[in-house]
Visitor: 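Submitted below is the structure of interest, expressed as structure tokens.
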Amino acid sequence: MKKLIVANWKMQVATTDGLFFLKQIANFSKFKNDLIVCPDFLILLQAGKILENTQHKLGAQNCSLKEKGALTGEISPRDLRLAGCSHVIIGHSERRHIFKEDSALINSKIQVALNNDLIPILCLGESWLERRSGRTRPVLSAQLKSALKGIKIKKSSDLILAYEPVWAIGSGKSLAPEEADKIINYISDRALKLNGKRFKVLYGGSINEDNASIFLLQKNIAGLLVGGASTQELSLKKLLKA
Ligand code: PGA
């Protein structure tokens, strides 16, 4: 079955390399899995043009909490849409932990993204301490509940969820695929209870060309959110074939 690969380039790819890579990606075809590329903001306008008329989608790594206003340094979801983005990552653990984004802010970002016809990719994940103290499920449930509070989502394709254990991101450690599948099933059920919709749920955290296929084989895992391994042509191609 076709699954989804979301390539989160973070701040790892210099703009010139990113543009070169996007041109290669525009020629990728006949891969098993679908691709959404999330480069940095500075190349989104050009990326939109490069990926236009290809089967690949463009996403942003973040967006502002409002469409317009006195918000120095922010990027409007309206402009992301105009640049050709169809998706936006919201609540990534790096945003939550390094930039102190709280649940109220994440909730506003989800709403404004939806208002601007962007599909949010909402990230959820527990820390190592939370996992060790047996709090993974309640933590994920609370993150989901607060992110979606008061938000009406029309179709199940209007939102994507991504489960990324914080301790697995960029660490080389990943969860056993079977456990990831069970947790993802739990997230999917919680979202169904809260919103009445079965959303796609991705897995992320130290995914690479060697472990991708085993995660993608799991029943409840709709795809992968990939950082490091999505920034090289060869490994990205392998992820798309996995
Ligand atoms: P990683 O990052 O694949 O480099 O662990 C995943 C992510 O942060 O989305």
Side-chain angles (χ1 to χ4, degrees), residues 1-13 25 31-40 56-63 80 85-99 101 106 109-110 113 118-127 136 140 143-144 147 157-177 179-181 183-188 191 199-218 220-232 235-242:
M1 201 178 61
K2 224 172 191 191
K3 301 232 170 167
L4 176 63
I5 304 295
V6 179
N8 176 14
W9 288 358
K10 310 191 180 186
M11 207 179 68
Q12 303 283 24
V13 184
I25 290 173
F31 281 109
K32 188 164 136 207
N33 300 317
D34 289 326
L35 173 66
I36 302 172
V37 194
C38 305
D40 72 51
H56 313 301
K57 301 254 188 313
L58 184 65
Q61 298 175 18
N62 182 26
C63 71
L80 296 177
C85 291
S86 50
H87 293 74
V88 57
I89 299 173
I90 293 178
H92 189 278
S93 78
E94 286 147 19
R95 303 287 331 163
R96 290 179 192 258
H97 294 104
I98 304 171
F99 300 99
E101 292 197 0
I106 290 165
K109 289 185 179 197
I110 301 267
L118 290 164
I119 299 173
I121 301 172
L122 168 63
C123 301
L124 313 166
E126 84 287 2
S127 68
T136 298
L140 296 172
Q143 287 177 352
L144 189 63
S157 54
D158 286 347
L159 178 82
I160 296 174
L161 301 171
Y163 169 50
E164 297 199 297
V166 177
W167 50 272
I169 296 176
S171 63
K173 295 183 207 139
S174 67
L175 205 56
E179 189 183 350
D181 193 55
I183 296 177
I184 280 180
N185 190 34
Y186 169 80
I187 292 173
S188 175
F199 302 111
K200 275 189 177 153
V201 190
L202 314 177
Y203 178 76
S206 294
I207 290 294
N208 56 47
E209 56 198 68
D210 300 319
N211 63 12
S213 57
I214 176 112
F215 280 93
L216 290 176
L217 272 176
Q218 309 300 314
N220 300 295
I221 300 183
L224 301 169
L225 176 50
V226 189
S230 74
T231 61
Q232 303 296 329
S235 48
L236 181 59
K237 277 185 171 165
K238 287 191 178 158
L239 295 169
L240 292 173
K241 283 184 201 161

Visitor: Please give me the minimum heavy-atom distance between Leu159 and Phe199, naming the atom from each residue.
Guide: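 Minimum heavy-atom separation between Leu159 and Phe199: O-CD2, 3.5 Å.
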Visitor: Go through the structure and list residues passing side-chain contact (heavy atoms from CB on, under 4.5 Å) with Ser171, not counting sequence neighbours.
Guide: Lys173, Ser206
Visitor: Just how far is it from atom CG of Asp40 to atom NZ of Lys10, taken to the nearest 0.5 Å?
Guide: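 Rounded to the nearest 0.5 Å, the CG-NZ separation comes out at 14.0 Å.
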Visitor: Just checking Lys57: does its NZ atom have more than 12 heavy atoms from other residues, nucleotides or ligands closer to it than 6.0 angstrom?
Guide: no
Visitor: Return the set of residues passing salt bridge (charged side-chain N to carboxylate O under 4.0 Å, His left out) with Lys200 (not counting sequence neighbours), or none when no residue passes.
Guide: none
Visitor: Can you name the salt bridge (charged side-chain N to carboxylate O under 4.0 Å, His left out) partners of Glu101, sequence neighbours left out?
Guide: Arg95, Lys109
Visitor: Apply ring-ring contact (aromatic ring centres under 6.0 Å, His included) to Phe31 and list each qualifying residue two or more places apart in sequence or on a separate chain.
Guide: Phe28
Visitor: Just jot down the salt bridge (charged side-chain N to carboxylate O under 4.0 Å, His left out) partners of Lys241, sequence neighbours excluded, or say none.
Guide: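 In terms of salt bridge (charged side-chain N to carboxylate O under 4.0 Å, His left out), with neighbours along the sequence ignored, Lys241 is linked to no residue.
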Visitor: Using the rule side-chain contact (heavy atoms from CB on, under 4.5 Å), only one of Leu240, Leu216, Leu239, Leu202 pairs with Lys3; which is it?
Guide: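 Checked Leu240, Leu216, Leu239, Leu202 against Lys3; only one passes side-chain contact (heavy atoms from CB on, under 4.5 Å): Leu216.
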Visitor: Does some side-chain heavy atom of Gln218 sit less than 4.5 Å from a side-chain heavy atom of Ile184?
Guide: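 Of all side-chain heavy-atom pairs linking Gln218 with Ile184, none is under 4.5 Å.
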Visitor: List for me each residue that meets side-chain contact (heavy atoms from CB on, under 4.5 Å) alongside Ala168, sequence neighbours excluded, and say none if there are none.
Guide: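 Partners of Ala168 by the side-chain contact (heavy atoms from CB on, under 4.5 Å) criterion, ordered by chain and then number, come out as Pro165, Tyr203.
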Visitor: Report yes if the side chains of Ile5 and Ser230 come closer than 4.5 Å at any heavy-atom pair, otherwise no.
Guide: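 Ile5 does not reach Ser230 side chain to side chain.
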